Amino acid sequence: MWFLFLLLPTFAQAAPNVLKFKPKVGSTAQYRLVLNQTEVGADGKLKEKISSQTPVSLRFSSGNALRTEVGPLFTLGRSVGRAKIRETMMPNGTVAPTAFFVTLPTSGVKPGQKWTGVLNVPPPIPANLQANYRYVGPSKDGRFAEVAMAVAMPGSTKLSGNGQFFVRLSDGVLDHGNAKFDIAYLRPDQKDRSKMLVNSRVKIDYKILPK
């Protein structure tokens with residue numbers, strides 16, 4: 001009896017650290033996607049440099065309906081285009097309705113657990129990219145779950161990336177984080193067709209900041 005009694009407090013403390021998608025009706029999330037992107041050619045010279053910010057707003061209503069508002073994009077000190085609004089049904093957290101929304105197993109995850117899920121990132125990152133996730137552990141203040149992300153895609157366009165996301169433990173929704181990607185566009189070597197050379201390389205740095 002004493003042994004079971006001593007175990008109960010430990011179990012009670014561990015339960016709140018489970019990360020699960022459970023949004024409350026009327027809850028919201030707002031953040032900014034800050035992008036810094038560079039492209040260099042085969043000669044190593046800079047071809048293009050892009051910097052922008054895009055606001056993202058999420059609002060959950062009854063029946064797990066999600067209203068997503070993305071944009072407008074801000075670059076060079078001015079806005080470009082208009083905000084895009086979309087309504088999505090979210091019966092669970094296994095779909096990615098907007099950029100960097102961390103997909104979760106329906107049963108939730110515990111610290112140290114790994115899983116795979118869709119990663120939604122704006123172009124030139126391919127759509128429906130499968131990412132590997134790992135729940136590193138809760139933040140020191142107990143508000144967020146730290147989630148590590150890694151992706152890799154071989155082929156004529158070689159992509160790799162990693163990220164660190166902080167997801168609200170209260171409802172399983174992204175709060176802030178960062179991600180970096182490296183895309184190498186390859187071409188055959190004219191002297192040896194069995195070899196591939198880098199034709200150009202794109203480096204993408206995202207910061208997800210509270211709005």
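FYI, the numbering just counts along the sequence from 1. Not measured: the values here are computed from a predicted model. The basis for the numbers below is simple: all heavy atoms, side chains too, and nothing from hydrogens, waters or symmetry mates.
Using the six-membered ring where Trp is involved, W115 and Y133 have ring planes that are parallel, under 30° apart on the 30 and 60° scheme. Using a 30° and 60° split on the angle between ring planes, H176 and F166 fall in the parallel class, below 30°.
The two residues L35 and I204 come nearest to each other via the heavy atoms CD1-CG2, 3.4 Å. The minimum heavy-atom distance between T103 and G117, with the atom names listed, is OG1-CA, 3.4 Å. In this structure, P72 and G81 approach most closely via the heavy-atom pair CB-O, 3.5 Å. Contact detail for A83 and E69: the closest heavy-atom pair is CB-OE2, 3.7 Å. Contact between G142 and L169 at its shortest, heavy atoms only, is O-CD1, 3.5 Å. Closest approach of L19 and G172 over heavy atoms only: CD1-CA, 4.0 Å.
Results of the side chain to side chain contact (heavy atoms under 4.5 Å, CB included) test with V147 over V109, V167, V136 single out V167 as the only residue that passes.
In the hydrophobic clustering of this structure, Y185 groups with I125; members are Ile, Leu, Val, Met, Phe, Trp, Tyr whose side-chain heavy atoms approach within less than 4.5 Å, directly or through other members. Residues L58 and F144 do not share a hydrophobic cluster, defined by chaining ILVMFWY side chains whose heavy atoms lie under 4.5 Å apart.
Between K203 atom NZ and Q37 atom CD the span is 12.0 Å, to the nearest 0.5 Å. Interatomic distance, F60 CZ to T88 OG1, rounded to the nearest 0.5 Å: 9.5 Å. Note that the CG atom of L129 and the CE atom of M153 stand 7.0 Å from one another [nearest 0.5 Å].
R201 places no side-chain N or O within 3.5 Å of a backbone atom of A42 that could act as its donor or acceptor partner. Distance alone, capped at 3.5 Å, places no donor-acceptor pair between the T28 side chain and the R59 backbone.
Checking D182 against S160 by side-chain atom types alone, no donor-acceptor pair falls below 3.5 Å.
Within 6.0 Å of the CG atom in N128, the count of heavy atoms belonging to other residues, nucleotides or ligands does not exceed 12.
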